[in-house]
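Have a look at the structure below, then the notes.
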Protein chains: 2
Amino acid sequence: MAQLKPHTPLRPPTMADVARQAGVSHQTVSRVLGDHPNVRNETRARVLHAIEEMGYRRNSSARALATRRTLTLGVVASNTTLYGPASTLFALEEAARAEGYLVSTVSLRELTVETVSEALHRLSEGGVEGVIALAPQRPAVEALTELRHPFPVVAVGTGSGVEIPSVNVDQRLGARLATGHLLATGHRTVWHLAGPENWQEAVDRADGWRATLEEAGVTPPAPLRGDWSPLSGYRAGQELAGWVGRGLTAVFVANDQMALGVLWALREAGVRTPQDVAVVGFDDIPESEFFAPPLTTVRQDFSAVGKRSIALLLDLIEGRTPAGTSRIVIEPQLLVRASTFPYAPRPGTAPG
Amino acid sequence: MAQLKPHTPLRPPTMADVARQAGVSHQTVSRVLGDHPNVRNETRARVLHAIEEMGYRRNSSARALATRRTLTLGVVASNTTLYGPASTLFALEEAARAEGYLVSTVSLRELTVETVSEALHRLSEGGVEGVIALAPQRPAVEALTELRHPFPVVAVGTGSGVEIPSVNVDQRLGARLATGHLLATGHRTVWHLAGPENWQEAVDRADGWRATLEEAGVTPPAPLRGDWSPLSGYRAGQELAGWVGRGLTAVFVANDQMALGVLWALREAGVRTPQDVAVVGFDDIPESEFFAPPLTTVRQDFSAVGKRSIALLLDLIEGRTPAGTSRIVIEPQLLVRASTFPYAPRPGTAPG
DNA sequence: GACGTCATTGTGAGCGCTAACAATCGACGG
DNA sequence: CCGTCGATTGTTAGCGCTCACAATGACGTC
């Protein structure tokens with residue numbers, strides 16, 4: 001059949017076009033692009049020149065079809081404007097890129113079985129080889145475990161009590177560090193402003209706090225509850241201010257943003273931090289060093305979370321790790337700042 | 001040739017497998033999946049049942065190869081843990097998803113010609129149909145304009161002075177609103193803590209501030225410069241505190257995080273806000289309402305930025321809009337809070 | 001009762017690439 | 001001088017899907 005197909009400028013050039021231009025076979029072009037060893041230098045140069053000249057780009061779909069590899073990973077996330085999720089997302093993408101993968105993200109407004117299933121479905125249609133699910137809420141985990149997917153999934157932030165591979169910062173340990181620090185600096189008990197009940201991290205932080213108090217022989221006061229926002233922290237702070245002078249000298253707040261609201265409410269009520277009430281947060285957002293006063297908090301190594309998650313996912317994709325077993329736990333770190341120290345109780349408020 | 005290929009459990013089922021199972025042709029399966037009208041209900045049901053039973057998923061690569069559409073957009077971004085970029089990213093993904101597209105993101109630590117070129121190249125190899133570049137810095141824009149890419153690119157946050165399609169919040173207007181508000185509430189002049197010089201947004205905000213002062217017949221004081229971080233704001237704030245009583249009564253800070261540092265430094269120096277010095281920020285991060293005092297700031301509609309950007313990019317992809325012309329500008333909004341109002345000058349510091 | 005029409009389904013030809021194998025050529029050992 | 005080996009290049013089949021077109025059958029019309 002006659003080769004009557006001149007290269008239409010409308011169609012981007014194909015490998016065959018480049019081959020013709022360079023006077024070789026398309027396979028040789030493929031070899032050059034694939035850095036195959038057995039290509040004569042002169043041939044390689046000729047091919048590269050043709051590629052450059054024609055502005056040729058390898059068609060990723062054809063490549064993916066032939067190799068059965070898309071080199072793309074999916075991420076399902078929510079609350080991506082919050083510091084924690086945003087940092088994790090960043091770390092994940094960077095780690096994936098270092099391994100030669102591209103990342104497609106689906107950012108949900110809320111995590112329900114429906115939205116997560118839908119997101120997984122879209123990513124599947126997008127041809128991802130595996131998915132990282134930033135799934136800090138229960139319903140998301142349900143969706144992950146109940147659904148049939150054609151690719152491995154790694155859960156992040158679910159807590160390690162789930163039956164799929166997961167990567168987590170040890171939230172309980174973080175809460176223990178925070179609570180323990182407060183007890184160690186002279187406080188008789190520690191109050192807690194928790195995060196939303198449906199967040200596993202909130203539950204774990206509350207558990208760590210409770211356990212630490214109980215081990216110290218202290219009956220934990222009833223925890224307050226917020227929604228991670230500064231506003232909810234502010235409201236809780238107003239309530240907490242009412243307990244000052246009646247045994248409240250220290251508060252462990254489940255994240256820095258709420259802690260900001262708490263600090264604000266306390267100051268408004270004439271309560272001094274840390275002299276009257278010490279406050280500890282969680283996350284170490286960049287601003288927390290500049291709160292009034294600078295906030296003692298718990299830092300999570302998001303970069304490590306990203307790297308370990310990607311490494312685990314790739315292990316699963318390559319079949320190097322059997323599914324269902326791996327649970328990676330990363331240790332957080334306490335940062336002591338002025339919101340807890342120096343603690344200088346005034347007479348009457350003193351825990352001693 | 002004999003059809004000796006029983007469905008290996010290792011290989012996911014293909015459309016042909018489903019067709020065989022349902023007793024139809026692969027084309028009919030394709031029609032069912034594509035919601036084609038001319039398929040008998042009974043046939044459709046049979047096909048759907050087979051699909052469900054076999055857990056069949058359409059192969060996206062083959063589909064993309066045949067249709068020449070990947071339904072994927074790329075985003076190049078940096079500083080994605082900051083509130084502004086994170087919000088834009090979220091809005092972009094949501095808007096893209098609503099249009100049936102998946103988004104692949106590359107998050108850079110720094111925007112240089114090299115990193116941006118590299119990112120564009122990766123996205124190209126990933127088969128994106130178009131790219132949104134969150135390119136608030138000059139070098140990024142260079143890379144965008146100088147490079148040959150096989151797809152349309154929309155720049156976001158570059159300022160509208162670039163020769164490629166762009167979407168921007170009117171930063172000058174935002175700065176004018178902020179500065180004008182301060183002048184209107186009785187201040188004789190307004191100082192400025194600017195962002196990094198290589199950020200177009202920082203330049204535009206400074207320009208708006210300067211222009212507003214000059215139009216009011218005031219010679220602008222030399223602006224200070226920070227790096228967007230609370231720490232840099234804190235340092236600048238210490239310097240600013242030294243000018244209190246010597247004509248400094250109002251500061252326009254180029255973002256909320258630096259404003260936080262400024263507030264902190266002022267308080268530490270015994271300067272009251274807003275009684276002695278009024279402060280305005282930019283961005284309206286969620287925390288700014290809970291700064292001490294709550295921060296007057298300029299809100300940008302990131303959601304609108306996302307939607308308009310995606311709409312423009314899709315127009316370019318579909319060829320509905322000629323390249324090179326469109327510049328979309330979105331208006332910001334001033335939010336007045338306690339950091340500027342009520343302004344109550346004390347004797348001697350009063351601007352009047 | 002032959003013919004045009006519509007709804008429904010099937011067939012064949014790629015999309016652009018890689019993988020496996022075949023072919024070619026010069027060099028080298030016996 | 002011939003066979004063999006290694007380096008280099010070409011040839012042939014798909015990968016799994018969609019598109020354009022062909023085929024089939026039921027229905028109604030004149």
Side-chain angles (χ1 to χ4, degrees), chain A residues 1 3-5 7-8 10-47 50-51 54-71 124-127 129 150, chain B residues 1 3-5 7-8 10-47 50-51 54-71 124-127 129 150:
Chain A
M1 32 194 121
Q3 286 283 57
L4 291 181
K5 204 168 52 178
H7 168 230
T8 330
L10 293 170
R11 286 238 170 302
T14 75
M15 197 171 261
D17 297 328
V18 173
R20 204 172 309 130
Q21 173 92 359
V24 297
S25 78
H26 63 131
Q27 179 58 12
T28 298
V29 176
S30 177
R31 285 194 185 99
V32 169
L33 253 20
D35 263 333
H36 238 78
N38 290 345
V39 179
R40 219 192 318 157
N41 278 336
E42 190 238 300
T43 310
R44 182 187 309 277
R46 204 145 32 93
V47 169
I51 287 175
M54 308 176 76
Y56 168 74
R57 307 276 185 134
R58 204 153 40 166
N59 179 311
S60 65
S61 305
R63 200 162 134 71
L65 179 57
T67 59
R68 301 154 180 282
R69 312 281 270 109
T70 58
L71 294 181
S124 167
E125 298 262 285
E129 293 183 31
Chain B
M1 30 191 122
Q3 287 284 57
L4 289 182
K5 202 169 53 177
H7 170 230
T8 331
L10 294 171
R11 288 240 169 301
T14 76
M15 197 170 261
D17 297 329
V18 173
R20 202 172 309 131
Q21 173 93 1
V24 297
S25 77
H26 63 128
Q27 179 57 18
T28 298
V29 177
S30 177
R31 285 195 185 97
V32 169
L33 253 20
D35 264 334
H36 237 78
N38 290 346
V39 178
R40 219 193 316 158
N41 279 336
E42 191 236 301
T43 310
R44 183 186 309 278
R46 203 141 36 91
V47 169
I51 286 175
M54 307 175 77
Y56 169 74
R57 307 277 183 133
R58 204 155 39 168
N59 179 312
S60 65
S61 305
R63 198 164 137 70
L65 179 57
T67 58
R68 299 155 180 281
R69 314 280 270 110
T70 58
L71 294 181
S124 167
E125 297 263 284
E129 293 183 30

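Just so it is clear, the structure is predicted and the values come from calculations on it, not from any experiment. Order of the sequence lines sets the chain letters (A, B, ...), proteins ahead of strands, with each chain counted from 1. Values below: all heavy atoms of this structure, side chains included; hydrogens, waters and symmetry mates excluded.
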Any side-chain N or O of B:Thr28 below 4.0 angstrom from OP1/OP2 of C:dT9? no
What residues, two or more places apart in sequence or in another chain, satisfy side chain to side chain donor-acceptor pair (under 3.5 Å) together with B:Arg63? none
With a 4.0 Å heavy-atom cut-off, tell me which residues in residues 32-43 of chain A come close to DNA chain D, sorted by residue number. A:Asn38, A:Val39, A:Arg40, A:Thr43
Interatomic distance where CZ belongs to A:Arg68 and C1' belongs to D:dG16 [whole Å]: 9 Å
Give one of base, sugar-phosphate or nothing for A:Arg31, where a contact means two heavy atoms less than 4.0 Å apart. base
Phosphate OP1/OP2 of D:dC17 contacted by B:Ser30 side-chain N/O (<4.0 Å): no
Bend across the helix from C:dG1-D:dC30 to C:dG30-D:dC1, to 10°, with axes taken over 5 pairs at each end? 50°
Residues two or more places apart in sequence or in another chain: which of them pass salt bridge (Lys or Arg N to Asp or Glu O under 4.0 Å) with B:Arg46? B:Glu42
Side-chain heavy atoms of A:Met15 within contact of A:Ser30, under 4.5 Å: yes
Under the salt bridge (Lys or Arg N to Asp or Glu O under 4.0 Å) test, which residues partner A:Arg31, sequence neighbours left out? none
Nearest 0.5 Å, please: how far is CG in A:Leu33 from CZ in A:Arg57? 11.5 Å
Would you say the base of C:dG16 and the side-chain of A:Arg11 have a donor-acceptor pair closer than 3.5 Å? no
Can you list everything that forms a salt bridge (Lys or Arg N to Asp or Glu O under 4.0 Å) with B:Arg68? Sequence neighbours excluded, please. none
For DNA chain D, what residues of residues 57-67 of chain A have any heavy atom nearer than 4.0 Å? A:Leu65, A:Ala66
In whole angstroms, the gap separating C1' of C:dA20 from CD of A:Gln27 amounts to 9 Å
Quick one: list whatever passes side-chain contact (heavy atoms from CB on, under 4.5 Å) with A:Ala19, sequence neighbours left out. A:Val24, A:His26, A:Val29
Rounded to whole Å, the CZ-C1' distance (A:Arg69 to C:dA19) equals 15 Å
Residue list, salt bridge (Lys or Arg N to Asp or Glu O under 4.0 Å) with B:Arg58, at least two apart or on another chain: A:Glu125
Nearest-Å distance for atom pair CE/P, residues A:Met15 and D:dT9: 15 Å
B:His26 NE2 to D:dA20 C1', straight-line distance once rounded to whole Å: 12 Å
According to side chain to side chain donor-acceptor pair (under 3.5 Å), who are the partners of A:Thr43, at least two apart in sequence or on a separate chain? none
Which residues pass the side-chain contact (heavy atoms from CB on, under 4.5 Å) test with A:Ala45, not counting sequence neighbours? none
By side-chain contact (heavy atoms from CB on, under 4.5 Å) - contacts of A:Ser25 (at least two apart): A:Gln27, A:Thr28
Under 4.0 Å, counting only non-hydrogen atoms across every strand here, what does A:Ser25 touch: a base, just sugar-phosphate, or nothing? base
